[in-house]
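Each remark here refers to the structure printed beneath this line.
Residue numbers start from 1 in every chain, and the chains themselves are labelled A, B, ... in the order their sequence lines are given, proteins ahead of strands.
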2 protein chains.
Amino acid sequence: MRRTGDLKLIQELNRFIILDTIRQFGPISRSDIAKKQGISPTTVTSAVNELIRDGMVAEDGTGESKGGRKPIMVRFCPDGKFLIGVSITNTAITIAEMNLEAATKQKKIYPVKAGLVSDLIIQYVLDSIEDFLQSVDDVSRCLGISIIAPGIVDAASGVIRFNSKLRLHDVPLKDMAEERFGLKTWLDNDANAIALAEKNFGGGLNADNLLFVTVGEGVGSGLVVNGSIFRGSRGGAGEFGHTTVDRSGMRCDCGNVGCLENYVAWPAIYSGLLSAVTRGKETLVMDLADGDMTRITFDVFRQALHQGDQVCQDIVDEIASYLSIGIVNLVNLFNPSLIILGGEMIRDNQVLFERIQKQVMAQAMGTMVEGLEFRPTVLGADFEVKAAAAVLLQDVFHFSL
Amino acid sequence: MRRTGDLKLIQELNRFIILDTIRQFGPISRSDIAKKQGISPTTVTSAVNELIRDGMVAEDGTGESKGGRKPIMVRFCPDGKFLIGVSITNTAITIAEMNLEAATKQKKIYPVKAGLVSDLIIQYVLDSIEDFLQSVDDVSRCLGISIIAPGIVDAASGVIRFNSKLRLHDVPLKDMAEERFGLKTWLDNDANAIALAEKNFGGGLNADNLLFVTVGEGVGSGLVVNGSIFRGSRGGAGEFGHTTVDRSGMRCDCGNVGCLENYVAWPAIYSGLLSAVTRGKETLVMDLADGDMTRITFDVFRQALHQGDQVCQDIVDEIASYLSIGIVNLVNLFNPSLIILGGEMIRDNQVLFERIQKQVMAQAMGTMVEGLEFRPTVLGADFEVKAAAAVLLQDVFHFSL
DNA sequence: TTTATTTTTCCAATGACTTTATAAAGTGAT
DNA sequence: ATCACTTTATAAAGTCATTGGAAAAATAAA
């Protein structure tokens, strides 16, 4: 049943607008809030008083008089409430307590042992959250738990629909968490959440349509459309890694041919390096890995590249070429105003970054690249839990810091 | 400035919910509306009476008693208000007066002479609307004018940003029309509008994410995401025709390589037929065109195909192959639940339709094709103005008939 | 000191909603 | 046929978040 209009609705809406105004423009006086938003001073006063009672806002001294009584400034109190962010990956469960600005107050990492999959990993996630909640005081001020996970996630119903590595299939994690902890819970896809966090906390404020592309072990993408995460019909959108870029390319596990992931993700790079080595090509990677090919990692690759290794440079050229085709397709379809590149492959790889940027700007349609910007990720170490926080804050407050 | 909450807002919302309920479930009694939507009977009564005064709703006899007083049924009156739909194409301006169910009451077609471009075509559009408005009575019951046009259109600001054939660049058509006619005006891209109309009037009701693909003179696509049109950052989204499907393909005018449009749109087909003829291949098309290659049209091609012409069959195979790659990419990115195929190339071409369907279902990712449906267009002859109506009705009433 | 101005708050009025009550019009058992 | 009960529609009264106007508080400028 649709939400109908009643007095509670308009109050919620106005409280929300007023809080957002304080957050964005604070410290600010009650009078200025009223003027800025076209709400009567009376309403602002009562709303602000309530927000002060809730601990979300506090008075903050007096401002400069403009010819009369000095204004009493009010400011946003990000520590008035908090939330729990949870990130599930193949290697670790990261859990953090964060305030309303997604600043971490405490964080714990629960390692995932190899082979911990299916029901067991879900139990481990829930047990880890329970453990974490021990160290949290005043649960009444907790807005809820936000969980992000790789794979195909149906955010609306809170179900992990599919994750091949963790062997998850239709896991109603949101309901499970809500029942166990009695806290409202959100669940979303990791790349989408990171894209949202990049927009809201990472300086993508002016970009209503933002594309996040990550290249590492695999290829992922997250899409923010009109300010909120774009999800497909049942959450399964943005499988950028499995878009065809070469119709005469190699067959992929997914059933298609010429999938992007097969050309630019680490497994492809690794096998490219091996084949170069076996063909006797001169490359620094084997030296840097002490002759042990199992020790060829991203870092080794990056190091060789920085030292001018030709094999690595050729590989980067090829990655840039394939990735650019994929990104051009996305640009022509979505017309984003900001593209953020992340992941191990692009980190500390200025050459690749610039090559992609140049090629996309040249090949995408003219009207699409006007004003199109490229940026590396800026979220830093806590990006996973920040991403989780972004999902919750967007839903509760439409926050974009 | 954001809209703030006031009493008017809740009234508008409730009126809207009540009207929508009557439209969807009518004839229905006031009491049933109240129960269905959780609004008090009193509110429903006063809202319905107002809607009756506005001519949007009428009483419609009495229903069966369920043990008490007989209910007075009310029903939706689609003719209570009307709207003007305008479609701009390279060959004609089509204008229609339609009711709230997008049923045409009158329609005129204003032919566009070749070479009528730039400012002149815009003047011609406005003059045509003025002419059409002469034959409309009671402008006070007109909701407004909705215009759809090909090219890159910024719906939010009402500007045609770019149209190469009509030589339009940053034309603020919405403002021009509003100023001249004093009627609220909408402006949107044609393919997007058609996609929305297919969803709202064409039986795509259950599909919140719908993809519309048209193949004819060019390749176009429209995308409905979460029930409303997906537009890029400044309206320029869905340039499906210029997504790369073959990285080693031919260079396109747009600056990219291997663009879909170069393989599946009519100009490509036409030159393919010509080259077959000049190479002396046996084909029916020349016979059907009376030996005059300028008379080779879609119809000729279709006819030859239906008569089992091998050259045409091979071409259809190739179109299906390329188009499927493009659509698979879209499916993997957007995860739509319904794909609607339209345009001259697909009309009356069951073979192509089925081949695309089969190939996409086989090559797209497994989780994406679960429940994915394919359908041909169902809008019929007035599809252009119906599409325009869909844009307006969606914005004013969120209507989906 | 007086006056004007700005900020904040109190209070009554507004208006759209809900609840409660009432009337109208029916069903069905006695 | 009568009476008890339902269902539908509307009228009257009550609720509550808003607004506008007035008052109070605090300050600058004359």
Whole-Å distance between [N] [atom2] and [X] [atom1]?
X: Lys70(B); N: dT6(D); atom1: NZ; atom2: C1'; result: 15 Å
X: Asn49(A); N: dT18(D); atom1: CG; atom2: P; result: 13 Å
X: Arg30(A); N: dA25(D); atom1: CZ; atom2: C1'; result: 13 Å
X: Ile33(A); N: dT19(D); atom1: CD1; atom2: P; result: 14 Å
X: Glu64(B); N: dA25(C); atom1: CD; atom2: P; result: 17 Å
X: Asp32(A); N: dT5(C); atom1: CG; atom2: C1'; result: 15 Å
X: Glu59(A); N: dT9(C); atom1: CD; atom2: C1'; result: 13 Å

Any N/O pairs under 3.5 Å between the protein and nucleotides 17-24 of chain C? List them or say none.
unit_1, atom_1, unit_2, atom_2, d
dC17(C), OP1, Asn14(B), ND2, 2.8
dT18(C), OP2, Ser40(B), N, 3.2
dT18(C), OP2, Ser40(B), OG, 2.7
dT18(C), OP2, Thr43(B), OG1, 2.7
dT19(C), O4, Thr42(B), OG1, 2.9

Over all atoms of both residues, closest heavy-atom pair of Gly227(B) and Lys199(B): CA-CE, 3.7 Å

side-chain hydrogen bond (donor to acceptor under 3.5 Å, both in side chains) against Arg180(A), all qualifying residues, sequence neighbours excluded: Asp127(A), Glu130(A)

Electrostatic pair Glu101(A)-Lys386(A), nearest N-O below 4.0 angstrom: no

Those residues that, when tested against Ala195(B), pass side chain to side chain contact (heavy atoms under 4.5 Å, CB included) (two or more places apart): Leu210(B), Phe212(B), Val224(B)

Any residue meeting side chain to side chain contact (heavy atoms under 4.5 Å, CB included) with Glu59(A), in chain and number order, not counting sequence neighbours: Arg30(A), Ile52(A), Ile72(A), Val74(A)

Which residues share a salt bridge (Lys or Arg N to Asp or Glu O under 4.0 Å) with Arg141(A), sequence neighbours left out: Asp138(A)

Rounded distance [0.5 Å steps], CZ in Arg231(B) versus CG in Asp208(A): 13.0 Å

Gap separating the CD1 atom of Ile10(B) from the CG atom of Leu7(A), nearest 0.5 angstrom: 5.0 Å

side-chain contact (heavy atoms from CB on, under 4.5 Å) partner of Met98(B), the single match among Ile84(B), Leu83(B), Leu393(B): Leu83(B)

Sugar-phosphate, base or nothing in reach of Thr45(B), heavy atoms under 4.0 Å: base

Phosphate-side-chain proximity, Lys8(A) and dA17(D), N/O vs OP1/OP2 below 4.0 Å: yes

Difference in axis direction between the ends of the helix from dT1(C)-dA30(D) to dT30(C)-dA1(D), five pairs, 10°: 10°

